[in-house]
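Data block below; observations after.
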Amino acid sequence: MIVPFVSGQLNNLELAVNLAKRGNLPGAENLVVQRFQELFAQTKYKEAAELAAESPQGILRTPDTVAKFQSVPVQPGQTPPLLQYFGTLLTRGKLNAFESLELSRLVVNQNKKNLLENWLAEDKLECTEELGDLVKTVDNDLALKIYIKARATPKVVAAFAERREFDKILIYSKQVGYSPDYLFLLQAMLRSDPQGAVNFALMMSQMEGGCPVDYNTITDLFLQRNLIREATAFLLDVLKPNLPEHGYLQTKVLEINLVTFPNVADAILANGMFSHYDRPRIAQLCEKAGLYIRALQHYTELPDIKRVIVNTHAIEPQALVEFFGTLSREWALECMKDLLLVNLRGNLQIIVQAAKEYCEQLGVDACVKLFEQFKSYEGLYFFLGSYLSSSENPDIHFKYIEAAARTGQIKEVERVTRESNFYDPEKTKNFLMEAKLPDARPLINVCDRFGFVADLTHYLYSNNMLRYIEGYVQKVNPGNAPLVVGQLLDDECPEDFIKGLILSVRSLLPVEPLVEECEKRNRLRLLTQFLEHLVSEGSQDVHVHNALGKIIIDSNNNPEHFLTTNPYYDSRVVGKYCEKRDPTLAVVAYRRGQCDDELINVTNKNSLFKLQARYVVERMDGDLWEKVLNPENEYRRQLIDQVVSTALPESKSPEQVSAAVKAFMTADLPHELIELLEKIVLQNSAFSGNFNLQNLLILTAIKADPSRVMDYINRLDNFDGPAVGEVAVEAQLYEEAFAIFKKFNLNVQAVDVLLDNIQSIDRAVEFAFRVEEDAVWSQVAKAQLREGLLSDAIESFIRADDATQFLEVIRAAEDANVYHDLVKYLLMVRQKAKEPKVDSELIFAYAKTDKLTDIEEFILMPNVANLQNVGDRLYNETLYEAARIIFQFIANWAKLAITLVKLKQFQSAVDAARKANSAKTWKEVCFACVDAEEFRLAQICGLNIIIQVDDLEEVSEYYQNRGYFNELISLMESGLGLERAHMGIFTELGVLYARYRPEKLMEHIKLFSTRLNIPKLIRACDEQQHWKELTYLYIQYDEFDNAATTIMNHSPEAWDHMQFKDVAVKVANVELYYKAVHFYLQEHPDLINDLLNVLALRVDHTRVVDIMRKAGHLLLVKPYMIAVQSNNVSAVNEALNQIYMEEEDYERLRESIDLHDNFDQIGLAQKVEKHELLEMRRVAAYIYKKAGRWKQSIALSKKDNLYKDAMETASQSGDRELAEELLVYFIEKGKKECFASCLFVCYDLIRPDIALELAWMNNMIDFAFPYLLQFVREYTGKVDELVKDKINAQNEVKTKEQEEKDVIAQQNMYAQLLPLALPAPPMPGMGGPTMGGGFAPPPPMGGMGMPPMPPFGMPPMGSY
């Protein structure tokens, strides 16, 4: 209500209108309309347009308002009011539908669609279907965009269909929820693009919700046009899921391909992608198409399979073999049987291969039975040959051997019998014996491997195959020669043959089994000569000597001598042989071979315990003693009695006695052992003072009766005190051990027992006072140290004068913080050893006790302390005054400096750092001075740091982190004058200027540009947004691309025209050229030609023209285009021609057309031919003439009465009809002079008869007469030339004939001069070297006075 109030009550109409416009308020409609009419009536169209654009609620933005502006006449030199109205609306916002349509109609009529593109991109127009229809007349792409924005779905779909972008139809329809007529679209595609139709159909099949058209319908559409391949491609893709409901389509695609393209159907079936089709139907079609293997795969009845499978000639063998793997066992065997029945020889290989592949499924027995049924040993041989290596069935191996033998494969029989481990040896042996093969090697293999040597020997001997017996023994297995000999003895073979066989083997013959075989047959004496022969040859074979010994024992030929002197026989074997004959001989043999068990057994069996006791004592073997003293030995008591009563008394060897005693101990007979030892040791025997026996007695007592130990210690003197004492300690007899050590003056061990075992430090101290030994005191001190009695331990160490444990003492003192006592101890240790650790710890102890004066005195004296480590330790323990003394003494200025810093003595710290001259020291002192705000001293230190590149950033960050920016800048500025000033200082100062003093940055960069790390400073300027300085740095660093980008992105600060031109020509990224064009077009259009002239050699002129055309400022770059037109670029030529046409500058236009022909000539001609200016239309005719459009050029010239141009065009065309039509035109128009001129201009094209006829019929003979005169004169001259040429030709023919006659005459004369016996020289072309090479003249006849012969004359008379 505010607007009516202001207009009514306040009577302020202007205020009311402004309020309504600004707030879009109602109530001022009449006022606004009234104001608009007033402005319109006053011809203030601009103000009226602004009022209409800002009218509240858009009351004036109606078709009537547009009509008003359209009705206003346009004044010359002024902008049409309608355009002013639309321009105002565009600046205010978006146009409504009607306004958008009207404005677009104006733009379309002026062919300025680029304006539409810009407005649409800026969303200035409201898109409607009518607007799209209008734009479609000039630009389909733009119209499609409008349709999409207007949601004119049918029009969008139609547009996509016209563009053949059917995939976009699906996407768009899905987005907007529209359902087009897919069937119609598919039919339309089939007519023009079958492959595209396939892709479209596939896309439909992948739509959500399923395909809108039935698959079968789509397939029928393809098949109706005989597009079988396309239908197949579609079905193969949509049927990939292999669903049951697609069974009919699967059958269909296979049917059509089996009938038309069987190979395609075969490939589909091979992929195995379908499983729901009609298999019986497909099987029949496969059989008809000759795809037998596919038919077999689909048939399910045995008769069908058997009918097809016999066509092996048309089936690949490998595929057929694989097919057998799909059949059941019974069916496969039936089919294999049929194949063998039809063609045994031809199909045998396939059957064998199938049996090999599927022997596990078919069963090896069934396959063998199949081959045996047809008595095909060859098939059996090949089948079992592949299975043999993996089979362990004895029957299989036997059948393979049998098949190989029956097919004559003797070598294979020999190999299998030699290598196989699974055949039945008995059965194979019998078969080979029955087969009686000419080669006995297979039988030899079987019998040798499986122990049928006797049978083999009997077979070979019975069949008089003695040669194989010798070969077997000598070459195959000499080890079985004893068995062969035994069988030959059983077969009563002559002894001579046997002896010869044995001698042929010699040393390879195993003697033991040979002796055994002969011994079993009581023919051992047969070997006497053989054995003696071996011994004489030096044989040391135990079996040889065993056999010889047995023969000697049986013959009783002094056997004791042989048993004691022969070193080679086996004592166990010979002894065993003697046991039943003479046990004493057996004892002799066993003693010689130390056969303990056998000797014990034979002596126990024959009650020879005395011999047994003597043997056991002499052997001194612990295991033997353990065995005989075993409680389970029933003869132990008898043995012990003999040992005590006989064996030991007889023995004079202490070792034997010791071994016996040890055995008793091991047998756990302590009481018997003690009594024995007391009898030996304590009763004045030869072994009373024996060291070992005394040890044994005490040790046995420790173990068995500890109560006797102390008595033995007191009575015995010759025993191992230390060792026995240790044993006593282990047995926890500590007092006895102490007594032993004390008796033997082993005071250290004694005090160890008191300390470690009895654990009495008081007794140990008392014992130490009694013995007064340093070692004893040392042990006591160690024990006190372990118990934590540090003061007592130090005192004990001092008494012991022991400096060896100083490390432990120092560690304990440090832990207990007892440094006063430690000083005394270390002073003692220092007198004993010169150890750096001691001196170092002494200094530290002085420091801990605050004896700084002692430290100064000590370090002045000779010492070996590691003063550096001591100083570091004192520093770490915050004992800074002591550390200062040490560091100052050793002149470690670096450590002294940081120590002084801790003491807050900064000036002294700086002086020390100057002496140290270390970067680390300078940094520590500098940072400490900064923290203490001693900036003068910090700057002194900093100047020594920043000269090191690696430390510069650390110093800078330290200052900046604490906010001391000015001090840091001052430090860096001071560093510029240093001799060792480096790039890092200049760069870091630049970074600091960029951050904190930007006003100094540019001056710094220009002064020191060569000494800066430009990339680092670039990053700093970029972060701080110093664009002008950043541009300068990019230029200095040759980063012209970045420089140009920075200038364009930040032009208010960084742009300078001359600088930008210099940068632009050096950039590497071509896109920056065009970005620069846009930049100048927007911000500096007055300088754009200057820029383009610089870039003329680098830019794509076509792209530049496109940019300016889209921007609507093509005229702005006219000077640039004139400058580059010499490159003859199409876009430049067309743009300039357009400008010349608009400016009606026909001279420039014609010049451009003549010099630059790369443009759309016909398009330009069509535009110019309707121009109102005559010269422009003449240019159009000229263009048509240059383009070869002669008729159009002539028609245009005739239309403008430019007859001269028309005649010249007709003459240049070379077209007789055009020239004659032009003559007729001149006659029809009554242009007689033009008729005469045309005859001369088109003289070469016009036929004389036509010219005369036209002239005579139209009474223009007079005008044609000059043409006739010229024509007669020309043709008369031509006839004269022809006559002259004919006369010259006749003269040349006569001259040539005369020359030929002269040559023939010369050749005849040459032939008469040749001798009769010589042939004439070969003529060129008739033989000789030039035969076939052309008619080359013969060489000149030098020396004969004759000229060279021409290539004519008589034929040759012969040749050599």
Side-chain angles (χ1 to χ4, degrees), residues 254-255 258 262-263 265-270 272 275 277-388 390-391 393 395-396 398-400 402-404 406-409:
L254 290 172
E255 281 182 350
L258 283 170
N263 56 337
D266 184 39
I268 296 172
L269 292 171
S275 59
Y277 53 87
D278 187 352
R279 298 183 71 86
R281 171 64 178 159
I282 297 304
Q284 294 174 1
L285 292 174
C286 288
E287 184 178 357
K288 291 180 181 179
L291 301 176
Y292 295 113
I293 191 63
R294 301 300 176 198
L296 289 173
Q297 293 170 353
H298 289 78
Y299 276 129
T300 57
E301 298 297 330
L302 183 59
D304 296 331
I305 295 174
K306 293 171 71 174
R307 182 183 68 252
V308 176
I309 202 169
V310 296
N311 297 291
T312 55
H313 63 282
I315 303 176
E316 185 181 356
Q318 184 59 34
L320 185 56
V321 170
E322 293 175 359
F323 170 70
F324 276 111
T326 63
L327 297 177
S328 66
R329 178 177 180 274
E330 293 77 11
W331 286 21
L333 291 173
E334 286 291 329
C335 293
M336 293 167 74
K337 187 181 295 183
D338 279 8
L339 288 176
L340 290 175
L341 283 173
V342 172
N343 187 355
L344 175 62
R345 177 60 59 185
N347 295 333
L348 180 61
Q349 185 177 0
I350 295 175
I351 300 303
V352 170
Q353 188 65 25
K356 289 180 182 179
E357 290 285 341
Y358 309 109
C359 60
E360 293 183 3
Q361 296 88 331
L362 299 175
V364 179
D365 295 337
C367 294
V368 171
K369 186 177 179 181
L370 177 66
F371 289 117
E372 288 178 343
Q373 181 180 351
F374 289 90
K375 296 182 180 180
S376 177
Y377 288 105
E378 185 179 357
L380 193 62
Y381 170 72
F382 287 114
F383 165 65
L384 294 178
S386 63
Y387 181 69
L388 193 68
S390 60
S391 172
N393 189 341
D395 194 40
I396 296 298
F398 172 74
K399 288 184 180 295
Y400 180 72
E402 182 183 12
R406 294 190 185 278
T407 54
Q409 302 292 335

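In this chain, numbering begins with 1 at the start of the sequence shown.
- Between L327 and I305 the shortest side-chain heavy-atom distance falls below 4.5 Å.
- Side-chain contact between E334 and E330 is absent, with no heavy atoms from C-beta onward closer than 4.5 Å.
- Judged by a 6.0 Å distance limit and a 45° cone about the ring axis, R307 is positioned over the six-membered ring of Y299.
- Between R281 and E255, the shortest heavy-atom contact is NE-OE2, 3.2 Å.
- Note that CG of L370 and CE of M336 are 5.5 Å apart. Values are rounded to the nearest 0.5 Å.
- Here the closest heavy-atom approach between residue W331 and residue L302 is recorded as CH2-N, 3.7 Å.
- Here L269 contributes atom CG and Y277 contributes atom OH; the two are 5.0 Å apart, rounded to the nearest 0.5 Å.
- Summarising the geometry, atom OH belonging to Y400 is positioned 7.5 Å from atom CD belonging to Q409; distances are rounded to the nearest 0.5 Å.
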inquiry  = As a quick check of understanding, evaluate side-chain contact (heavy atoms from CB on, under 4.5 Å) for L291 and L258, giving each step before the final call.
reply    = CA-CA 9 Å; L291 301 176; L258 283 170; 3.7 Å; yes
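- Atoms CG and NZ, on L333 and K369 in that order, are 10.0 Å from each other to the nearest 0.5 Å.
- Put simply, CG on D365 and CG on D395 are 7.0 Å apart, with the number rounded to the nearest 0.5 Å.
- The heavy-atom pair separating V321 from I350 by the smallest distance is CG2-O, 4.1 Å.
- Residue R294 is tested with L285, L254, D266 for a side chain to side chain contact (heavy atoms under 4.5 Å, CB included); the sole match is D266.
- In this structure, the side chains of P280 and I282 stay at 4.5 Å or more apart for every pair of heavy atoms.
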